[in-house]
Number of protein chains: 2
Amino acid sequence: MLGPMSDPVIPSQRKRGRPRKAALPNVGTAALRRAGLHVRAVERLRAMIVQGELAPGTALIEGDLAQGLGLSRTPLREAVKLLAQEGLIELRANRSACVRSLDAREILELFEALAGLERLAAELAARRLTPAGLRRLEELQTTIEREHAAGRREAYYAANRAIHRAIVESAENRPLAQAHAALLGRAEQARFLALRLAHRWEESLAEHREILAALAARDSERAGRLLADHVAHTAHTVTRALAAGAPPSGTPTGDAALMSMP
Amino acid sequence: MLGPMSDPVIPSQRKRGRPRKAALPNVGTAALRRAGLHVRAVERLRAMIVQGELAPGTALIEGDLAQGLGLSRTPLREAVKLLAQEGLIELRANRSACVRSLDAREILELFEALAGLERLAAELAARRLTPAGLRRLEELQTTIEREHAAGRREAYYAANRAIHRAIVESAENRPLAQAHAALLGRAEQARFLALRLAHRWEESLAEHREILAALAARDSERAGRLLADHVAHTAHTVTRALAAGAPPSGTPTGDAALMSMP
DNA sequence: ATGGCAGATATTGTATGCAGTTGCGAAAAA
DNA sequence: TTTTTCGCAACTGCATACAATATCTGCCAT
């Protein structure tokens with residue numbers, strides 16, 4: 001097993017009460033270095049799932065996964081349950097958990113919810129955005145356009161994620177931001193699946209500019225509507241791309257079929 | 001410790017490989033009887049926190065809690081982390097987790113987000129509600145009015161919860177419903193704190209009737225707005241009640257101070 | 001040949017043990 | 001009496017051990 005796993009850190013399990021210092025030389029993103037192992041596992045697994053390294057339908061064998069990540073089953077199980085709550089993993093009682101597969105219906109629902117949340121966030125942000133916040137959004141937009149011009153796909157998507165997140169943060173509402181973050185993981189997974197097929201870069205950039213203009217003008221209603229439309233467009237692109245390269249997906253799609261994309 | 005714990009089920013730990021059948025005679029809600037222990041722990045703990053049995057600020061000692069619930073620390077830890085993701089519990093590295101305390105700001109944010117989600121849900125529901133679904137909502141409203149007339153507070157709140165949930169479910173959007181459920185836990189906690197002080201029963205009933213009318217008329221925009229306003233009213237009532245019976249709560253409120261209510 | 005059953009194996013669910021860290025209290029110094 | 005420091009007890013975090021359950025394989029009966 002352990003098929004699509006790219007980085008089998010520490011393949012052999014440490015045996016007993018032995019030095020665990022410097023065990024994972026270079027793991028996660030940044031400051032979560034000294035956070036509990038289960039947090040690192042969550043980050044790592046989420047990245048692997050979202051980026052398709054663990055394809056939808058893949059069974060997650062606790063023992064193998066734990067060994068692959070260089071930790072024991074205890075923190076791994078905690079991570080798996082957290083990701084299940086986030087909707088990235090499906091828990092099956094007394095059976096291996098597995099990466100949830102995305103069918104067209106779920107993707108539509110996901111983006112519909114996301115659009116609603118971002119609309120709400122934009123409306124609030126239009127009222128609460130500080131001049132500094134607005135400047136930051138404009139900087140991010142500049143970054144996006146620069147990366148787009150340079151054709152750097154990964155950086156483009158990262159910046160895109162960042163500006164959406166920044167808008168939501170500008171709403172100054174923690175619970176809203178958390179709900180948004182929870183959905184975003186799954187949406188990113190869907191977007192990643194469709195990523196190679198459809199880009200829509202130019203339209204997306206233009207829409208962003210309009211949204212920023214509405215925010216700057218404090219036009220709450222318009223900012224909300226524009227952002228919701230923007231997300232909806234993305235959803236259409238993603239579902240169309242998936243429909244083109246995958247089974248009709250009226251059925252739950254069962255397994256890794258969705259991954260069979262050029 | 002274990003202060004406010006009311007029901008120390010199975011006080012003594014089972015020793016080893018012994019019959020665990022019929023261990024917890026009547027635990028949770030319903031069909032989660034045969035689900036993993038951590039699921040039961042989540043349900044149990046959530047109920048205890050929401051209903052104030054575990055006051056905000058209370059330290060959650062894993063060993064004691066596990067013993068109190070009749071299980072070991074492993075599934076308990078999983079439950080605690082799940083509830084932390086839900087925002088009911090605050091995790092402190094290498095220290096006991098504790099029940100998160102609610103300050104006025106957070107309560108406002110919470111209900112603001114909730115209002116936004118329910119508005120979205122109502123708009124979708126107005127478009128998708130089936131005749132059967134509408135009938136069900138009307139039945140729930142009848143139940144609420146009956147319980148109100150009978151003065152049965154608990155039943156009233158349960159039915160109230162049910163109709164809000166039902167509206168959200170009528171939107172036919174799973175991710176949205178999940179996000180809503182996650183926020184609802186904390187909101188219920190806040191409402192419970194203020195419960196004894198302010199009721200607002202009549203206004204609430206009238207608002208419900210208007211919402212149902214808008215849904216029946218398929219007036220998506222109006223249904224959304226009414227529901228959002230309804231939630232906002234509840235938020236005002238809750239925060240006003242808390243402000244009256246608790247410290248100004250400009251500061252994080254530190255501990256169980258909020259519980260000091262008549 | 002095919003269907004179903006029995007043993008064997010693999011994998012989850014739960015409990016327990018052990019090491020590291022934190023906080024608290026007691027004792028000593030000012 | 002007040003303050004500082006050291007030591008101890010408690011608790012968390014992680015790993016592992018053990019029990020329960022599901023899956024798989026091959027054999028036997030039809």
Side-chain angles (χ1 to χ4, degrees), chain A residues 1-3 9-24 27 32-42 44 58-84 89-98, chain B residues 1-3 9-24 27 32-42 44 57-84 89-98 255:
Chain A
M1 290 56 195
L2 250 174
V9 206
I10 308 287
S12 70
Q13 199 82 329
R14 279 180 308 285
K15 265 319 170 195
R16 247 311 182 87
R18 280 288 56 236
R20 66 161 54 91
K21 212 47 180 308
L24 290 173
V27 185
L32 48 83
R33 197 65 51 88
R34 67 176 307 123
L37 284 195
H38 69 101
V39 176
R40 297 201 260 187
V42 164
R44 196 82 168 50
T58 306
L60 302 174
I61 312 296
E62 296 180 356
D64 296 1
L65 249 192
Q67 185 163 336
L69 293 173
L71 36 77
S72 83
R73 283 179 54 213
T74 308
L76 180 88
R77 277 171 65 77
E78 296 173 356
V80 165
K81 277 174 182 76
L82 257 5
L83 289 171
I89 284 178
E90 182 178 349
L91 252 39
R92 298 172 300 182
N94 284 330
R95 270 213 286 310
S96 297
C98 65
Chain B
M1 290 51 198
L2 249 176
V9 205
I10 308 285
S12 70
Q13 201 82 327
R14 279 181 309 286
K15 265 320 170 195
R16 244 319 180 80
R18 278 289 59 231
R20 66 160 53 94
K21 211 46 179 306
L24 291 171
V27 188
L32 48 83
R33 196 66 48 91
R34 68 177 305 125
L37 284 195
H38 69 100
V39 175
R40 297 201 258 187
V42 164
R44 196 82 169 55
T58 305
L60 302 173
I61 313 295
E62 296 179 356
D64 297 0
L65 249 192
Q67 184 163 335
L69 294 173
L71 35 75
S72 80
R73 284 178 53 212
T74 308
L76 180 87
R77 277 171 123 283
E78 297 173 355
V80 165
K81 280 181 178 71
L82 256 3
L83 289 171
I89 285 178
E90 181 178 349
L91 253 37
R92 299 172 300 181
N94 285 329
R95 265 209 286 314
S96 297
C98 65
D255 55 276

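Each chain gets a letter, A, B and so on, in the order the sequences are listed, and its residues count up from 1.
Remark: P of D/dC11 and CZ of B/R73 are 10 Å apart, rounded to the nearest angstrom. B/L69 has its CG atom 13 Å from the P atom of C/dT14, to the nearest Å. Whole-Å rounding puts the A/L65 CG to C/dT12 C1' distance at 14 Å. The nearest whole Å value for the distance from the CG atom in B/N94 to the C1' atom in D/dA10 is 13 Å. As a whole-Å value, the separation of B/L76 CG from D/dC11 C1' is 13 Å. Atom CG in A/L71 sits roughly 11 Å away from atom P in D/dT16 (whole-Å rounding). Look at CZ on A/R92: it is 18 Å from P on D/dT21, rounded to the nearest Å. Between the CD atom of A/E62 and the P atom of D/dA20 there is a distance of 18 Å, rounded to whole Å.
A/L60 comes within 4.0 angstrom of the backbone, heavy atoms only, and of no base.
Looking only at side-chain heavy atoms (C-beta outward), A/V80 and A/E62 stay at 4.5 Å or farther from each other.
Phosphate contact (OP1/OP2 of D/dG13, side-chain N/O of B/R77, threshold under 4.0 Å): present. The shortest distance between the side-chain N/O atoms of A/R95 and the OP1/OP2 oxygens of D/dT23 is below 4.0 Å.
Take the nearest nucleotide of DNA chain D for B/S96 and for A/T74: the residue whose nucleotide is more 5' is B/S96. Residue order along DNA chain D, read from the 5' end via each residue's closest nucleotide, puts A/E78 first among A/E78 and A/A93.
Between the NZ atom of A/K81 and the NZ atom of B/K81 there is a distance of 12.0 Å, given to the nearest 0.5 Å.
In plain terms, the two heavy atoms of B/A79 and B/H38 that are nearest each other are CB-O, 3.8 Å. Nearest heavy-atom pair, A/A66 versus A/R73, reported as atom, atom and distance to 0.1 Å: CB-N, 4.0 Å.
Side-chain proximity of A/H38 to D/dC11, D/dC14, C/dA15: nearest is D/dC14.
For the side chain to side chain contact (heavy atoms under 4.5 Å, CB included) with A/L60, the lone residue among A/L76, A/L91, A/L83, A/I89 that qualifies is A/I89.
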